[in-house]
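Beneath this line is the structure, given in C-alpha cells, with notes to follow.
The sequence lines fix the lettering, A, B, ..., with proteins before strands; numbering per chain opens at 1.
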Protein chains: 2
Amino acid sequence: MQGAPPEEMKERCETIAAILKTLANPQRLTILCTLTEGEKSVGELQKICGISQSVMSQHLARMRLQGFLRTDKRQNFVYYYISDERILKIMQSLHDVFCAE
Amino acid sequence: MQGAPPEEMKERCETIAAILKTLANPQRLTILCTLTEGEKSVGELQKICGISQSVMSQHLARMRLQGFLRTDKRQNFVYYYISDERILKIMQSLHDVFCAE
DNA sequence: TTTATATATTATAATTTTCAAATATAGAAT
DNA sequence: ATTCTATATTTGAAAATTATAATATATAAA
C-alpha cells in the first residue's frame with residue numbers, strides 16, 4: 001500500500017472530471033453524437049437534436065470555450081465540428097461500450 | 001439529412017449522461033482510479049484518496065446504488081470493488097486517452 | 001455492559017447547472 | 001435604410017450537486 005495518492009493522479013482526475021462534466025449532459029451528448037458524423041450548422045443541430053435556439057447556443061459555447069469544438073463560418077451559417085481528438089476517442093469508446101452489438 | 005434524432009439515440013444519451021455524471025467528479029474519479037487496482041476498504045480509500053469519512057461514504061453510496069460498485073464485508077471492514085464491466089472499460093479508455101505515454 | 005472502531009445516513013447550507021425568456025449582433029436580402 | 005435570418009449573450013429562477021456537521025448503526029474489544 002502506498003501513502004497519499006500520487007499528486008499526479010489527483011491532478012489528472014481534476015482535469016478529466018472537468019471534461020467529463022461537460023460530456024455528462026444528455027443534450028450535449030446528443031450534440032456530440034450528431035457531430036461525430038461530421039460538421040453541422042447550428043440550425044441543423046437544433047432540428048436534429050430538438051433543442052431550442054438559446055439552449056443550443058449555450059451548449060455550443062461551452063464546448064467551444066472548452067476546446068471540444070471549433071467553428072467554420074460560411075455563407076451566413078456557422079458550422080461546428082469536433083476539434084479535440086480526445087473527445088472523438090471518448091465518444092468512440094462510449095459507442096463501443098453502450099451501442100455496439 | 002434525416003429528421004428528428006432517432007429516439008434511440010436520445011434515450012441512450014440520457015442513460016450514458018447519467019453514468020457520466022457520476023464519473024464527472026474529481027473525488028469519485030480518484031476513488032474509481034484507486035479501485036481499478038483492486039478492492040479496498042472504506043478506510044483505505046479515505047487515506048489513499050484524502051477524502052473525509054462522510055464524503056467518502058456518500059460517494060461510495062452513490063456509486064453502489066448506481067451499480068458501479070459492490071461490497072464485501074469481512075471482519076469489521078467493508079471492501080468495495082468495481083462490479084460494472086462498463087465502468088472498467090470506460091476507466092481503461094480514459095487511461096488510454098489521458099494517461100498513456 | 002461499556003467503549004471503541006468502522007461505516008452509513010440525514011440535514012442543511014453553499015455552490016453549480018440548467019432552462020427559458022429577452023435582448024443583442026451581424027450579415028444578407030429587399 | 002429597413003427587414004429578415006442565423007446565431008450569440010445576458011439574466012434570473014429552478015433544480016441538482018457538493019461539502020460539512022451531526023447523528024446513527026453495527027460489530028469488536030475491553
**OP:** Measure from CG on A:N25 to C1' on D:dT17 and round the result to the nearest Å.
**Re:** 14 Å
**OP:** Send over the distance from B:E14 CD to C:dT18 C1', rounded to a whole Å.
**Re:** 14 Å
Original post:
Quick one: A:K40 NZ to D:dT7 P, roughly how many Å, whole number?
Top reply: 14 Å
**OP:** Would you confirm whether A:T30, through its side chain, and A:P26, through its main-chain N or O, come within 3.5 Å as a donor-acceptor pair?
**Re:** yes
**OP:** Check the distance between C:dT17's C1' and B:L20's CG and give it to me in whole angstrom.
**Re:** 16 Å
Subject >> Atom-pair distance (CG on A:D72; P on D:dA6), nearest Å >> reply: 18 Å
Subject >> Between B:E11 and B:T15, a side-chain donor and acceptor under 3.5 Å >> reply: no
**OP:** Answer yes or no: does a side-chain N or O of A:Q27 lie under 4.0 Å from OP1 or OP2 of C:dC19?
**Re:** yes
Subject >> B:Y79 six-ring face occupied by B:R74 cation (under 6.0 Å, within 45°) >> reply: yes
Subject >> Main-chain N/O of A:Y80 paired to A:T71 side chain as donor or acceptor, under 3.5 Å >> reply: no
Original post:
Between the side chain of A:T36 and the main-chain N/O of A:C33, is any donor-acceptor distance below 3.5 Å?
Top reply: yes
Original post:
Are any of B:H59's side-chain N or O atoms less than 4.0 Å away from OP1 or OP2 of D:dA19?
Top reply: yes
**OP:** Take the protein atom NZ of B:K73 and the nucleotide atom C1' of D:dT27, then report the distance between them rounded to whole Å.
**Re:** 11 Å
**OP:** By nearest nucleotide on DNA chain C, pick out whichever of A:Q75 and A:P26 is the more 5' one.
**Re:** A:P26
Original post:
Are A:T34 and B:M9 side-chain neighbours, meaning at least one heavy-atom pair lies under 4.5 Å?
Top reply: yes
Original post:
Quick one: is D:dT18 close enough that its OP1 or OP2 comes under 4.0 Å of any side-chain N or O from B:R28?
Top reply: yes
Just list the side-chain donor-acceptor pairs under 3.5 Å for residues 89-99 of chain A, sequence neighbours left out, or say none.
{"from": "A:Q92", "atom 1": "NE2", "to": "A:D96", "atom 2": "OD1", "distance (Å)": "2.9"}
{"from": "A:S93", "atom 1": "OG", "to": "B:S93", "atom 2": "OG", "distance (Å)": "3.1"}

Using atom names, set out every protein N or O paired with an N or O of nucleotides 6-9 of chain C below 3.5 Å, distance rounded to 0.1 Å.
{"from": "C:dT7", "atom 1": "OP1", "to": "B:V78", "atom 2": "N", "distance (Å)": "3.1"}
{"from": "C:dT7", "atom 1": "OP2", "to": "B:G43", "atom 2": "N", "distance (Å)": "2.8"}
{"from": "C:dA8", "atom 1": "OP1", "to": "B:Y80", "atom 2": "OH", "distance (Å)": "2.8"}
{"from": "C:dA8", "atom 1": "OP2", "to": "B:S57", "atom 2": "OG", "distance (Å)": "3.3"}
{"from": "C:dA8", "atom 1": "N7", "to": "B:Q53", "atom 2": "NE2", "distance (Å)": "2.8"}
{"from": "C:dA8", "atom 1": "N6", "to": "B:Q53", "atom 2": "OE1", "distance (Å)": "3.0"}
{"from": "C:dT9", "atom 1": "O4", "to": "B:S54", "atom 2": "OG", "distance (Å)": "3.3"}

Subject >> Interatomic distance, A:I31 CD1 vs C:dC19 C1' [rounded to whole Å] >> reply: 13 Å
**OP:** Take the protein atom CZ of A:R62 and the nucleotide atom C1' of D:dT10, then report the distance between them rounded to whole Å.
**Re:** 17 Å
